[in-house]
Number of protein chains: 2
Amino acid sequence: MGKSIKSEHIPRATIQRLAVYVQVLENFLQEKQNVVSSEGLAKACGVNPSQIRKDLAYFGEFGVRGVGYYVQDLLTAIRQSLGIDRTWNVALVGVGNLGRSLLRYSVFRKRGFIIVGAFDCDPFKIGEVVAGLEVICSRRLSEKVQELGIEIGIITTPAERAQRAANYLTEAGVKGIVNFAPARLSVPSSVAVEYVDFVHHLFSVAFNISYQQSRNR
Amino acid sequence: MGKSIKSEHIPRATIQRLAVYVQVLENFLQEKQNVVSSEGLAKACGVNPSQIRKDLAYFGEFGVRGVGYYVQDLLTAIRQSLGIDRTWNVALVGVGNLGRSLLRYSVFRKRGFIIVGAFDCDPFKIGEVVAGLEVICSRRLSEKVQELGIEIGIITTPAERAQRAANYLTEAGVKGIVNFAPARLSVPSSVAVEYVDFVHHLFSVAFNISYQQSRNR
DNA sequence: TCATGTGAATAATTTCACAGCG
DNA sequence: CGCTGTGAAATTATTCACATGA
């Protein structure tokens with residue numbers, strides 16, 4: 001069968017787990033563990049072994065019966081399945097505190113997501129150089145997305161300017177957005193949006209602590 | 001009925017959505033919209049109206065039949081349900097690039113999560129002052145968690161030091177961890193862990209773009 | 001033989017549809 | 001009357017259990 005996708009719809013949860021599998025498999029590889037069973041991988045990821053087999057089955061057959069999975073091969077297969085066996089050019093919109101940090105955050109590049117343009121609408125920021133990139137006026141996104149081959153946008157503006165940034169990006173033809181601003185976006189259904197909100201994770205932890213304590217009474 | 005929790009187990013997805021409801025309701029409040037129906041809130045959050053009613057039903061009855069929800073009252077009720085109607089003292093472990101950014105990230109404090117201690121094991125960083133906090137040796141976490149009343153830890157170390165940071169934190173009695181390092185943690189089941197990985201969101205977007213394109217062929 | 005891949009069974013979540021109440 | 005709150009139905013996701021094949 002090989003690299004083709006076998007199923008119609010793939011659950012969002014599966015995709016999130018595949019990202020975790022990549023993380024854990026990379027560690028295995030570094031530790032020179034070359035073969036792993038679904039049970040071994042499951043334990044390291046904190047999930048059920050058949051969950052892993054089901055997740056992989058959406059994309060193909062990558063294991064060897066009676067043996068397990070060859071770590072390197074499985075990594076390659078998952079990367080291919082996720083579409084991260086290549087590089088992606090990314091635009092960052094909103095060069096504030098967080099934006100600057102992300103521009104300097106080397107992990108993106110290491111993972112194949114290359115920030116090739118930094119945008120802001122503040123005239124005081126335009127022209128400034130951050131992490132080797134000159135900040136460009138957000139209105140010029142259309143032109144630059146074309147020129148630089150940008151396919152993904154990262155939004156790090158304040159909440160009230162996030163929708164405008166999303167509009168600029170989608171109008172420019174970007175096909176996916178990762179939104180760090182605390183605002184919901186309205187975009188065409190053909191554009192993939194991911195929301196990242198640190199504070200929500202703190203909410204979640206706070207809830208779990210409070211809830212656990214209230215249950216233990 | 002009021003503030004008591006009505007149900008045994010509350011889905012993780014519900015908690016995540018409640019955090020979104022808070023975000024959207026705050027915007028409504030700013031726009032002086034004082035009443036909202038489950039339909040109105042649902043539209044703004046991109047979910048189904050009965051989803052919202054079900055989510056709220058886990059915690060109580062907050063609406064008025066024939067009217068909807070009073071925005072301010074609902075906000076108060078959800079904040080209480082999530083346990084964010086108070087402040088939480090937080091320790092940050094790992095004063096690298098990302099750690100520094102988060103120390104300077106004012107939104108945490110605004111939301112009631114106050115970073116009261118910054119920790120690192122690098123002797124060159126210990127003693128340095130970042131965002132008004134003196135960096136303390138990670139080994140002194142036990143002592144400081146007590147002293148400062150810390151209940152939540154944020155891990156921003158490199159992947160290979162994340163588990164050690166988690167050990168220090170749990171041994172010190174911290175009850176919840178938000179882990180920004182790309183590593184899975186093993187902690188006692190009584191400790192709530194949330195994983196934050198920017199790169200995973202980019203993976204997700206990359207997959208959706210690739211997948212959509214492969215389906216449209 | 002042993003671990004994968006998968007249909008069937010189970011569990012959880014979401015949506016529907018309407019009774020109930022302000 | 002209109003919108004919430006909620007059982008019941010539909011859908012979706014997870015886990016089990018075993019046939020399959022290296």
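Keep in mind that the numbers below use all heavy atoms, side chains included, and drop hydrogens, waters and symmetry copies.
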Worksheet entry | Spacing of B:Y58 atom OH relative to D:dT6 atom P, expressed in whole Å | 12 Å
Worksheet item: Rounded to the nearest Å, what distance is computed from the OH atom of residue A:Y70 to the C1' atom of nucleotide C:dA3?
Response: 12 Å
Practice prompt. Take atom CD of A:E61 and atom P of D:dT20, then tell me their distance rounded to the nearest Å.
Written response: 14 Å
Worksheet item: Between D:dT12 atom P and B:N48 atom CG, what is the distance in whole Å?
Response: 13 Å
Item to complete: Examine C:dT14: is either OP1 or OP2 under 4.0 Å from a nitrogen or oxygen in the side chain of B:R53? Give yes or no.
Response: no
Discussion item. Rounding to an integer number of Å, can you tell me how far A:L56 CG sits from C:dG5 P?
Written reply: 7 Å
Worksheet item: OP1 or OP2 of C:dA19 sitting under 4.0 Å from any side-chain N/O of B:R65?
Response: no
Practice prompt. Ignoring backbone atoms, establish whether B:Y69 has a side-chain N or O less than 4.0 Å from OP1 or OP2 of D:dG5.
Written response: yes
Worksheet item: Reckon B:R12 touches a base, only the sugar-phosphate, or nothing at all at heavy-atom distances under 4.0 Å?
Response: nothing
Discussion item. Heavy-atom nearest nucleotide on DNA chain D for A:R17 versus B:E39: which residue maps closer to 5'?
Written reply: B:E39
Worksheet item: A:A57 has a side chain; which of C:dT13, C:dT6, D:dC3 sits nearest to it?
Response: C:dT6
Worksheet item: When A:S138 is tested against each of A:V95, A:V93, A:N167 for side-chain contact (heavy atoms from CB on, under 4.5 Å), which residue passes?
Response: A:V93
Worksheet item: Between B:E194 and A:N208, is any side-chain donor less than 3.5 angstrom from a side-chain acceptor?
Response: no
Practice prompt. Kindly check if the number of other-residue, nucleotide or ligand heavy atoms within 6.0 Å of OH (B:Y70) is above 12?
Written response: no
Discussion item. On DNA chain C, compare the nucleotides closest to A:V36 and B:G66; which residue's is nearer the 5' end?
Written reply: A:V36
Practice prompt. With A:I150 as reference, evaluate A:L92, A:V116, A:L141 under the side-chain contact (heavy atoms from CB on, under 4.5 Å) test and give the passing residue.
Written response: A:V116
Practice prompt. Determine the contact category for A:S50: base if any of its heavy atoms lies under 4.0 Å from a base atom, sugar-phosphate if only primed atoms, P, OP1 or OP2 are that close, otherwise nothing.
Written response: base
Item to complete: Please state how far atom CG in B:D55 lies from atom P in C:dT15, giving the value in whole angstrom units.
Response: 10 Å
Worksheet item: From D:dT15, C:dT15, D:dA13, pick the nucleotide closest to the side chain of A:P11?
Response: D:dA13
Worksheet item: Just how far, in rounded Å, is C1' of D:dT4 from CZ of B:F59?
Response: 18 Å
Discussion item. Counting distance alone, no hydrogens or angles: does the base of C:dT15 have a donor or acceptor under 3.5 Å from a partner atom on the side chain of B:K54?
Written reply: yes
Worksheet item: Is there a donor-acceptor pair closer than 3.5 Å between any side-chain N or O of B:T76 and the backbone N or O of B:Q72?
Response: yes
Discussion item. Quick check on C:dT4: is either OP1 or OP2 less than 4.0 Å from any side-chain nitrogen or oxygen of A:S38?
Written reply: yes
Discussion item. Would you say B:Q51 places a side-chain N or O within less than 4.0 Å of OP1 or OP2 belonging to C:dT15?
Written reply: yes
Worksheet, complete the sentence: Side-chain atoms of A:A13 come closest, of D:dC3, D:dT14, D:dT6, to D:dT14
Item to complete: In plain terms, say whether B:R184 and A:E26 are close enough for a salt bridge, that is, a side-chain N and a carboxylate O under 4.0 Å apart.
Response: no
Fill in: Rounded interatomic separation in angstrom, taking NE2 from A:H9 and P from D:dT11
15 Å
